[in-house]
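Right, one structure below, let's go through it.
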Amino acid sequence: MPVTFKNDIFHIYNDEISYCIELSKYSDLLHVHFGGRVEADEIELLKRERASFSAYEGKDNGYSLDVLPQEYTVYGGQDLRNGAFSAKKNGKTEISRLKYRSHEIIKGKPGISGMPAVYAENDDEFTTLAITVADDITGVELVLYYSISEKYPVICRHTSIKNISDDTLRINAAASAAIDFPAGDYKYMHLHGAWIREKHVEICDVHEGFQGIESRRGSSGPCENPFIALMDKNAGEEYGEVWGMSLVYSSNFKISMDMEQYKTLRVTAGINPAGFSWQLKPGEVFETPELVMVYSDSGLGKMSRIFHRLYRTRLCRGAYRDKVRPILINNWEATYFNFNEEKLLEISRKGAEVGMELFVLDDGWFGKRHDDKSSLGDWFVNTDKLPDALSGLAERVKEQGIKFGLWVEPEMISPDSDLFRKHPDWALQVADRDIHEARSQYVIDMSRAEVVDYLIDVFREILKSADITYVKWDFNRNLNDANSSALPNERQGEVMHRFMLGTYRLMDTLTSEFPHILFEGCSGGAGRNDPGILYYMPQNWGSDDTDAVERIYIQYGAGMVYPASTICSHVSTVPNHQLGRVTPMKLRGDVASSGVLGYEFDLSKLDESESKELAVQIERYKRIREVVLFGDLYRLINPFENRSGAWMYVAEDKSKAVVFYFNKLARPNSEIRRIKLKGLDPVAKYTFEGRTYSGLTLMNFGLYLPEYEKDFESCVWEINKVK
Ligand code: DGJ
C-alpha cells in the first residue's frame with residue numbers, strides 16, 4: 001500500500017521515494033518531505049515557533065502559515081507569499097482558507113477530462129491520494145491529486161476545483177501544484193531559447209526573492225519549455241539531488257520559485273495566472289493540467305532517463321508508441337511552395353532508392369497557396385499543382401515503394417482565404433480593433449465548439465481522401481489578440497485555456513479516428529514541443545533550424561526531458577538555409593541519427609557519391625534506431641561547455657550501445673582525450689571495431705576520442721555485447 005495515513009501524516013511512497021504531508025492541528029495541509037525514501041513515523045515535524053506578525057486565526061502566535069511549508073497555497077490570509085489559488089464570488093472575499101475535509105486512496109490514476117496526462121495501463125502501476133480541502137465562504141471544494149508510480153520515482157499532481165456555492169465564481173489563479181522545499185542552497189536548470197534556437201540549457205543559482213519561467217504566447221513557446229530541474233547546489237550530471245518538474249500543458253504556463261526570508265523555496269507550477277480567469281457556475285468543476293515530478297538521487301542524468309521511460313511509454317500513445325519511426329524525406333527546404341507533382345515524385349523516387357521510407361508533402365498543397373500569404377483555412381487541394389489530388393500523388397509515391405505523409409496547420413486562418421471571408425468572426429480578435437497579422441496569418445478561434453467541429457469534419461475528409469500514413473501538424477504564430485467574438489468581455493480571460501482545450505479535442509478526435517497515422521507535432525519547429533502535445537503525437541519536429549552544429553545544442557537540451565523517439569531531426573542541404581554554414585554530410589547525418597532521422601533537401605540533385613553516402617547512413621540508422629529511440633540516454637560531453645558534444649544510448653537489456661561524438665571546432669595540436677562510457681553491464685564483454693572489451697574497462701578507462709584536425713567532424717560508435 002504505497003499511501004498511508006498515520007499520526008496525521010500522509011505518506012506517499014515507493015521503493016525509492018517518499019512524499020509526506022502533515023495534517024495540522026488547524027486542518028491545514030503542511031508539506032513535510034519530497035525526496036528519497038524515509039520512514040514516515042520517524043520524521044520529526046518542523047515546529048516553527050518563529051514569531052509571526054499575525055496570530056493564527058487571531059489566537060495562536062506560534063503557528064504561522066506565512067512561514068510554515070504548505071501543499072497548496074493561498075495568498076492574502078496569514079500567508080503573504082505567492083499563492084497557488086485564488087477565486088472570488090460577487091460581493092465575497094478572494095481570500096480563501098482551504099481546510100482539510102476528507103481523503104481517498106485510489107488504485108490507479110484518474111485521467112483529467114479533456115486534457116493530456118500520464119496514464120496507467122493497469123491499476124497496479126499507480127496509486128493516487130486525493131485530498132479534499134474546502135472553504136464554505138468562498139464556496140470552493142478542491143481535490144489535490146497525488147499519483148505515485150510503482151516503478152519510477154515519480155509523482156504526478158493536479159488539482160480540481162468545484163464551485164459548491166449557489167453563485168457564479170471566478171477563478172483567478174489555479175496552479176497545478178505548489179511545494180515548499182526546505183531551507184537550503186539550490187540551483188535550477190531550465191531550457192530557454194527562441195525560434196530556431198530552442199532548448200538551450202542554463203543552470204542558475206536560486207537566489208533569495210522571486211524568480212521563474214513562463215510563457216504568455218498562447219503556446220508553451222520556443223522561449224521557455226514548461227520544465228525546470230530544481231537541483232541541490234552541489235548536484236551535477238550524475239550525482240546529487242534533483243527534482244524535475246514538467247508540466248503536461250501546451251499553453252501559457254508559469255513555474256515560479258519564491259525563496260522567502262528563511263530560505264525555504266516555494267515552487268508553484270501551472271497555468272500562467274497572467275490574463276487568466278475562469279467563470280465557474282454552481283456545481284461546475286475546473287481541472288488543472290498535470291505536473292509530473294521526478295526525484296533523482298543521482299543528478300540530471302537519472303532524472304532524464306526516468307522522464308524518457310515514463311513519457312515514452314506512459315504519455316505517448318498510439319500505434320507508433322513502441323515502433324521505430326520511418327525515415328522520411330520532406331520537400332519543404334527542397335522546394336518551399338514551388339512544386340508540382342512531377343518535382344515531388346522526383347524527390348520521393350530518389351528517397352526510395354536510397355532507403356527512405358516516407359515522403360512528406362509540406363506546406364503549399366491547398367487553396368492558392370504559392371507563398372505564405374494566403375489560403376490557410378481553404379483546405380482544398382490545389383489541382384494546378386496536384387492534378388490527381390492527394391490520392392493520385394499518394395498512389396504514385398506508394399508505387400515507388402515508400403509511404404505518403406502530409407503537412408497541415410489546422411489552427412490558423414489567412415486573411416486572404418474564403419474561410420475568413422465567410423467567417424471573419426472565426427479569427428481571434430479584440431472587438432473594434434485591427435487584428436495583428438503574423439506570417440500573414442490569423443489564429444482561428446479554437447475556443448468555439450462549432451469551429452472545432454468544423455475542423456474535425458474538414459480534416460477527417462482530408463485524411464480519408466488518400467492513403468496518408470503520417471501528418472505533420474504545424475502551428476506558426478503566437479496568440480496575439482486572444483479574444484473570442486463568442487464570449488462576453490468579462491470572460492475573455494478564459495480564451496487562452498479554452499483555445500488549448502479546443503485544440504486538444506481536435507487532436508484527440510483525429511488521432512483516435514486515424515490510429516494508423518503517425519502524427520508529428522510541429523510549431524515553426526519546436527514552438528509547442530511539450531508533454532501535452534506528446535500525449536497526442538509521439539514525435540515532434542525538433543527545430544526549424546536544420547544546421548547540424550546548432551542541432552547539437554538543441555537536441556542535447558531537448559534530451560533533458562524528452563526521449564529521442566520524440567525528437568525529429570533532418571539532414572538538410574549546405575550552405576544551411578538558416579545560417580549559411582557549410583558542414584559535411586557526415587556530421588549532418590550523425591547528428592540527425594541521434595534522434596528520429598529524416599531528410600529535407602532536393603534529392604534529385606545528389607551526385608553518385610552523395611547518394612552512396614546517404615544509402616550507407618540510412619542503412620546504419622536502420623541498424624541502430626531501436627537503441628537510439630528506445631534506449632537509455634547517457635550524456636558524456638556537454639556541448640554548451642566544450643568544443644565538442646557527446647552522448648550515448650544503451651539498450652534496456654544492455655546488449656547494445658551507440659555513442660555519438662560531435663566535434664564542433666578543431667583545435668591545432670590539441671590534447672588526447674579518453675571518453676568513459678556509461679550505463680553498460682560491467683561484467684559483460686562488448687565488441688567495438690573488431691576488439692573485445694569488458695563493460696568495466698569501457699566505463700572506467702574509456703576509449704580514446706579521435707583526434708580531429710578539421711571542424712565539424714563526428715563519429716558514431718556501435719558497441720555490441722558478445723553473445
Ligand atoms: C514551419 C515548419 O517548422 C517548417 O518545417 C515548414 O513546415 C513550414 N512551417 C511550412 O510553412
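One-based numbering, in listed order, for ligands and for the atoms of each.
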Open item on the list: Would Ser572 and His577 count as a side chain to side chain contact (heavy atoms under 4.5 Å, CB included) here? Give the steps.
Closed with: CA-CA 8 Å; Ser572 63; His577 287 196; over 6 Å; no
Open item on the list: Looking only at the aromatic ring of each residue, does the gap between the centers of His190 and Phe227 stay below 6.0 angstrom?
Closed with: no
TODO: Let me know which protein residues bring a heavy atom to under 4.0 Å of ligand 1; chain then number is fine for ordering.
DONE: Trp332, Asp362, Asp363, Trp407, Arg439, Lys472, Asp474, Asn476, Cys522, Gly524, Gly525, Trp541, Asp544
Open item on the list: According to ring pair (Phe, Tyr, Trp, His ring centres under 6.0 Å), who are the partners of Phe519, at least two apart in sequence or on a separate chain?
Closed with: none
Open item on the list: Applying the side chain to side chain contact (heavy atoms under 4.5 Å, CB included) criterion to Arg588, which one of Val549, Thr583, Asp547, Thr546 satisfies it?
Closed with: Thr583
Open item on the list: Taking the ring of Trp332 and the ring of His570, is the distance between their centroids below 6.0 Å?
Closed with: no
Task: Any donor-acceptor pair under 3.5 Å from Ser414 side chain to Ser375 backbone - done: yes
